[in-house]
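If you're wondering where the values come from, they're calculated on a predicted model, not measured in any experiment.
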Amino acid sequence: MLRVLAVDDEVPALSELAYLLRRDARVEQVKTASDSAAALQDMVQMIAAGERLDGVFLDIRMPGLDGLDLARLIGGFPTPPRLVFVSAHDCAVQAFELEAVDYLLKPVRPERLAEAVRRLAAAVAAGDGEAAPDDVIPVELGGRTKFVAQQDVCYAEAQGDYVRLHTADANYLVRMSLAALERRWGGAGFIRAHRSTLVNARHVIEMRFDAGRMVLQVGEQVLPVSRRHTRQVRELLVGQFR
């Protein structure tokens with residue numbers, strides 16, 4: 001059963017969101033806050049009291065400390081709750097950068113909220129460092145937002161402050177670190193093969209040694225495995241068939 005906090009400065013929207021959440025049998029407790037300061041105070045009190053908080057349903061555009069700023073502060077907690085953004089504005093890419101479980105557009109439809117609760121429950125059940133099995137990444141493309149499914153990503157490559165996601169037929173640049181992506185997808189079959197490469201084990205066709213170094217055949221690409229990661233990669237790839 002989930003224990004959540006809903007945060008929105010618009011009272012009607014907050015009341016409706018809380019009402020819908022309380023109707024969901026998977027939600028045990030719903031607390032509300034009308035601004036970021038009140039939300040922070042509530043969360044600090046819950047931590048001090050040893051209470052569990054599984055998720056925060058968070059509006060983005062709020063006066064003073066906005067939802068994105070609050071989310072960054074929450075990320076610094078010892079055990080941060082999962083985030084679900086709820087907004088009338090398209091901020092899906094920023095939401096993913098902050099490792100949100102889901103992103104809802106207002107007005108929130110009950111069936112779409114139910115899906116967000118399902119994703120939140122899956123993320124909580126999976127534990128830290130693991131993602132829901134149907135996770136997606138929003139990517140901005142010329143004013144449009146494309147959602148790239150986790151299972152379609154063959155491997156991810158670090159490029160400075162960005163990550164390039166490679167699928168079978170395209171690649172996409174996302175502003176986030178490879179370490180953040182590994183934390184999010186590490187429990188879903190993604191393996192660190194190199195300091196700059198994260199590989200989806202489901203797309204590995206072949207593992208072999210070439211001139212004394214391990215390489216992985218991923219689609220048409222041959223990706224080197226660093227000596228530091230060789231043993232772990234071998235154990236993880238072989239272990240998945242046991």
Side-chain angles (χ1 to χ4, degrees), residues 2-18 20-21 27 29-108 112-113 116-117 119-120 123-124 128-129 131-132 135-140 143 145 147 158 160-163 172-185:
L2 299 171
R3 299 166 67 91
V4 303
L5 173 66
V7 187
D8 198 320
D9 65 307
E10 298 177 355
V11 175
L14 180 60
S15 298
E16 177 68 9
L17 178 60
L20 293 174
L21 285 169
V27 179
Q29 181 185 78
V30 181
K31 292 191 175 184
T32 61
S34 58
D35 57 49
S36 295
L40 274 176
Q41 184 177 6
D42 286 346
M43 283 185 276
V44 169
Q45 290 176 349
M46 293 178 74
I47 292 171
E51 295 182 35
R52 189 185 83 247
L53 180 62
D54 299 306
V56 179
F57 287 78
L58 184 57
D59 185 26
I60 291 181
R61 300 288 177 88
M62 292 187 290
L65 192 70
D66 70 15
L68 296 175
D69 291 330
L70 177 58
R72 294 184 182 98
L73 291 175
I74 292 173
F77 286 12
T79 308
R82 304 309 201 279
L83 300 174
V84 176
F85 284 106
V86 185
S87 178
H89 306 278
D90 189 355
C91 301
V93 173
Q94 294 96 316
F96 182 79
E97 289 173 359
L98 291 168
E99 301 183 43
V101 170
D102 206 348
Y103 177 85
L104 303 175
L105 281 173
K106 294 180 179 179
V108 177
R112 185 62 184 86
L113 179 61
V117 172
R119 292 186 180 187
L120 174 61
V124 171
D128 290 341
D135 201 9
V136 296
I137 297 182
V139 180
E140 288 186 349
T145 302
F147 293 92
D161 295 331
Y162 292 79
V163 171
Y172 308 93
L173 198 62
V174 180
R175 186 176 181 180
M176 71 180 307
S177 69
L178 193 66
L181 186 63
E182 183 179 18
R183 287 195 301 271
R184 188 180 180 106
W185 285 359

To the nearest 0.5 Å, tell me how far [X] [atom1] sits from [Y] [atom2].
{"X": "Leu113", "Y": "Leu17", "atom1": "CG", "atom2": "CG", "answer": "6.0 Å"}
{"X": "Arg183", "Y": "Leu178", "atom1": "CZ", "atom2": "CG", "answer": "10.5 Å"}
{"X": "Asp102", "Y": "Leu120", "atom1": "CG", "atom2": "CG", "answer": "9.5 Å"}
{"X": "Asp161", "Y": "Ser177", "atom1": "CG", "atom2": "OG", "answer": "9.0 Å"}
{"X": "Phe57", "Y": "Leu21", "atom1": "CZ", "atom2": "CG", "answer": "5.0 Å"}
{"X": "Ile74", "Y": "Leu5", "atom1": "CD1", "atom2": "CG", "answer": "7.5 Å"}

Which heavy atom in [X] sits nearest to a heavy atom in [Y], and how many Å separate them?
{"X": "Lys106", "Y": "Ala13", "result": "NZ-CB, 4.2 Å"}
{"X": "Leu73", "Y": "Leu40", "result": "CD1-CD1, 3.8 Å"}
{"X": "Met62", "Y": "Asp35", "result": "SD-CA, 4.4 Å"}
{"X": "Phe85", "Y": "Gly67", "result": "CE2-O, 3.9 Å"}
{"X": "Leu173", "Y": "Val139", "result": "O-CG1, 4.1 Å"}
{"X": "Leu70", "Y": "Ala39", "result": "CD2-CB, 4.1 Å"}

Do any N or O atoms from the side chain of Ser36 and from the backbone of Leu65 form a donor-acceptor pair under 3.5 angstrom?
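Yes, the answer is positive, given that a donor and an acceptor are paired below the 3.5 Å cut-off.
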For Asp42, side-chain hydrogen bond (donor to acceptor under 3.5 Å, both in side chains) partners two or more places apart:
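Asp42: no side-chain hydrogen bond (donor to acceptor under 3.5 Å, both in side chains) contacts found.
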Mind checking what makes side-chain hydrogen bond (donor to acceptor under 3.5 Å, both in side chains) contact with Gln29, not counting sequence neighbours?
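Gln29 satisfies side-chain hydrogen bond (donor to acceptor under 3.5 Å, both in side chains) with Arg3 only.
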With a 4.5 Å limit on heavy-atom distance, are the side chains of Val108 and Glu16 in contact?
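No - every pair of side-chain heavy atoms lies 4.5 Å or more apart.
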In the structure I gave you, are the side-chain heavy atoms of Lys31 and Leu53 within less than 4.5 Å of one another anywhere?
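Counting from C-beta outward, Lys31 and Leu53 never come under 4.5 Å.
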For Asp59 and Ser87, run side-chain contact (heavy atoms from CB on, under 4.5 Å): C-alpha distance rounded to whole Å, both residues' side-chain angles, the deciding distance at 0.1 Å, then the answer.
CA-CA 5 Å; Asp59 185 26; Ser87 178; 4.2 Å; yes
Verify side-chain contact (heavy atoms from CB on, under 4.5 Å) between Trp185 and Ile137, making sure each step is shown before the conclusion.
CA-CA 11 Å; Trp185 285 359; Ile137 297 182; 3.3 Å; yes
